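Below: one structure, written as structure tokens.
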Amino acid sequence: MVTNALRRDVASFVGRHTELERIVDSAGAGRVVSIHTIDGMPGVGKTALVIHAAHQLADRFPDGRYMIELNAHTPGQSPADPADVLARLLTGLGIDPRFVPDTLQERRDLWLDRITGKRVLLVLDDAQDHAQVQPLLPTGGNCLTLITSRRRLIALERRGPPAVGRARPRHRRRVVHHFGTPRPRHHR
């Protein structure tokens with residue numbers, strides 16, 4: 001059974017401390033939000049933010065920590081089909097692939113049944129839209145889902161998601177210090 005499928009944490013996390021604090025605080029005792037969406041333009045650090053947050057929250061979710069690439073904007077990849085994602089999650093929970101149901105609804109029902117009463121952290125990276133994400137969402141109050149998307153997925157959470165914009169100039173300087181000189185931009 002797979003219980004930890006998070007990517008390696010970001011070694012040099014710079015900036016975004018306000019957004020990080022908001023995510024981590026939302027997972028505290030008595031929380032209201034169980035779904036957190038993070039949207040923004042490509043390359044602004046959405047994935048790094050949720051990976052770093054997931055690692056900070058990992059010990060609060062001992063029953064499972066899963067990261068799913070939804071590939072909405074991944075070159076050369078088709079967006080992930082929710083039925084396929086559920087099959088992968090179910091086999092990760094130890095269900096023999098021969099016994100994974102055929103339909104999306106049956107897979108969703110089995111997924112929800114298997115995580116009922118468990119503390120699970122689910123990271124859905126690069127979501128296309130509500131239709132792709134909705135069947136994957138845990139319903140229990142013990143679970144937390146972090147979603148990144150280039151689109152606003154406001155209907156998925158009770159309060160508006162934090163949009164991740166460009167880093168402040170002082171944070172950009174720190175990134176340059178950590179990673180070297182930025183590449184020049186070519187204007188077309």
Side-chain angles (χ1 to χ4, degrees), residues 1-13 15-28 31-74 77 79-93 107-108 111-112 114-115 118-164:
M1 178 174 354
V2 177
T3 59
N4 189 1
L6 293 178
R7 273 197 219 158
R8 194 170 70 164
D9 197 3
V10 180
S12 299
F13 186 77
R16 307 284 181 226
H17 295 288
T18 302
E19 295 92 337
L20 177 65
E21 184 177 312
R22 182 174 170 193
I23 293 168
V24 171
D25 288 350
S26 76
R31 69 175 180 211
V32 176
V33 177
S34 60
I35 300 168
H36 228 355
T37 62
I38 294 87
D39 67 71
M41 296 172 21
V44 296
K46 301 178 296 290
T47 301
L49 173 63
V50 297
I51 289 171
H52 195 62
H55 281 279
Q56 288 197 3
L57 295 167
D59 62 333
R60 300 182 197 181
F61 298 93
D63 299 316
R65 296 168 298 275
Y66 305 99
M67 173 133 187
I68 304 295
E69 308 286 343
L70 296 176
N71 301 322
H73 300 95
T74 305
Q77 299 275 337
D81 182 303
D84 295 339
V85 171
L86 285 167
R88 203 165 86 210
L89 286 167
L90 290 168
T91 56
L93 288 174
R107 289 176 182 185
R108 175 176 167 68
W111 162 244
L112 294 177
R114 297 301 167 143
I115 62 171
K118 295 188 176 174
R119 298 187 56 78
V120 172
L121 172 62
L122 180 63
V123 176
L124 302 173
D125 188 39
D126 195 19
Q128 182 174 3
D129 55 26
H130 295 90
Q132 184 186 38
V133 170
Q134 196 69 44
L136 310 174
L137 299 176
T139 57
N142 293 331
C143 299
L144 177 67
T145 306
L146 303 176
I147 305 168
T148 69
S149 180
R150 290 186 188 176
R151 297 180 180 166
R152 287 201 167 241
L153 302 174
I154 293 174
L156 294 176
E157 66 174 275
R158 294 187 180 149
R159 57 189 166 137
V164 177

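Side chains included, hydrogens not; waters and symmetry mates left out as well; all remaining heavy atoms used. Keep in mind that what you see is a predicted model, and the values were worked out from it rather than measured.
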Using 0.5 Å steps for rounding, measure from the NZ atom of K118 to the CG atom of D63.
6.0 Å

Distance (rounded to the nearest 0.5 Å) between L121 CG and N4 CG
9.0 Å

So which heavy atom on C143 is nearest to which on S34, and how close?
O-CB, 3.4 Å

Heavy-atom distance under 4.5 Å between the side chains of L86 and L136, does that happen here?
yes

As a quick check of understanding, evaluate side chain to side chain contact (heavy atoms under 4.5 Å, CB included) for N142 and V120, giving each step before the final call.
CA-CA 7 Å; N142 293 331; V120 172; over 6 Å; no

Could you walk me through whether V44 and L49 pass the side chain to side chain contact (heavy atoms under 4.5 Å, CB included) check?
CA-CA 9 Å; V44 296; L49 173 63; over 6 Å; no

Listed by chain and number, what are the side-chain contact (heavy atoms from CB on, under 4.5 Å) partners of A53, not counting sequence neighbours?
L20, I23, L146

For R152, is there an ion pair with D39 - N to carboxylate O distance below 4.0 angstrom?
yes

Test item: L90 and W111 side chains (from C-beta on) under 4.5 Å apart, heavy atoms
yes

Rounded to the nearest 0.5 Å, what separation is found between the CG atom of L153 and the CG atom of D129?
7.5 Å

Has R65 got a side-chain atom pairing as donor or acceptor with F61's backbone, closer than 3.5 angstrom?
yes

For P135, is there any backbone N or O sitting under 3.5 Å from a side-chain donor or acceptor partner on R107?
no

Got a donor-acceptor contact below 3.5 angstrom from the D9 side chain to the H55 backbone?
no

Check whether any side-chain heavy atom of P138 sits under 4.5 Å from a side-chain heavy atom of L122, and report yes or no.
yes

Heavy atoms, side chains only, cut-off 4.5 Å: are E69 and R7 in contact?
yes

Check: Q132 side chain, L70 main-chain N or O, donor-acceptor pair, under 3.5 Å:
yes

R60 backbone acceptor or donor facing R119 side chain under 3.5 Å:
yes

Pairwise side-chain contact, H73 with R150, heavy-atom cut-off 4.5 Å (strictly under):
yes

Checking S149 side chain against A127 main chain: does a donor-acceptor pair fall under 3.5 Å?
yes

Can you check side chain to side chain contact (heavy atoms under 4.5 Å, CB included) on L57 and L144, steps first, answer last?
CA-CA 10 Å; L57 295 167; L144 177 67; 3.7 Å; yes

Could you measure the distance from the OG1 atom of T139 to the CD1 atom of I35? Nearest 0.5 Å is fine.
9.5 Å

Electrostatic pair D125:K46 at N-O distance under 4.0 angstrom:
no

Could you state the interatomic distance from CD (Q134) to CZ (R108), rounded to the nearest 0.5 Å?
6.5 Å

Is there side-chain contact between I38 and T47, with at least one heavy-atom pair below 4.5 Å?
no

Spell out, as yes or no, whether a donor-acceptor pair under 3.5 Å connects the side chain of R151 to the backbone of Q128.
yes

Quick one: are R88 and L93 in side-chain contact, heavy atoms under 4.5 Å?
no

I want to check something: taking the side chain as every heavy atom from C-beta on, are D25 and R22 in contact at a cut-off of under 4.5 Å?
no

Supply the atom-to-atom distance L124 CG to T148 OG1, rounded to the nearest 0.5 angstrom.
8.5 Å

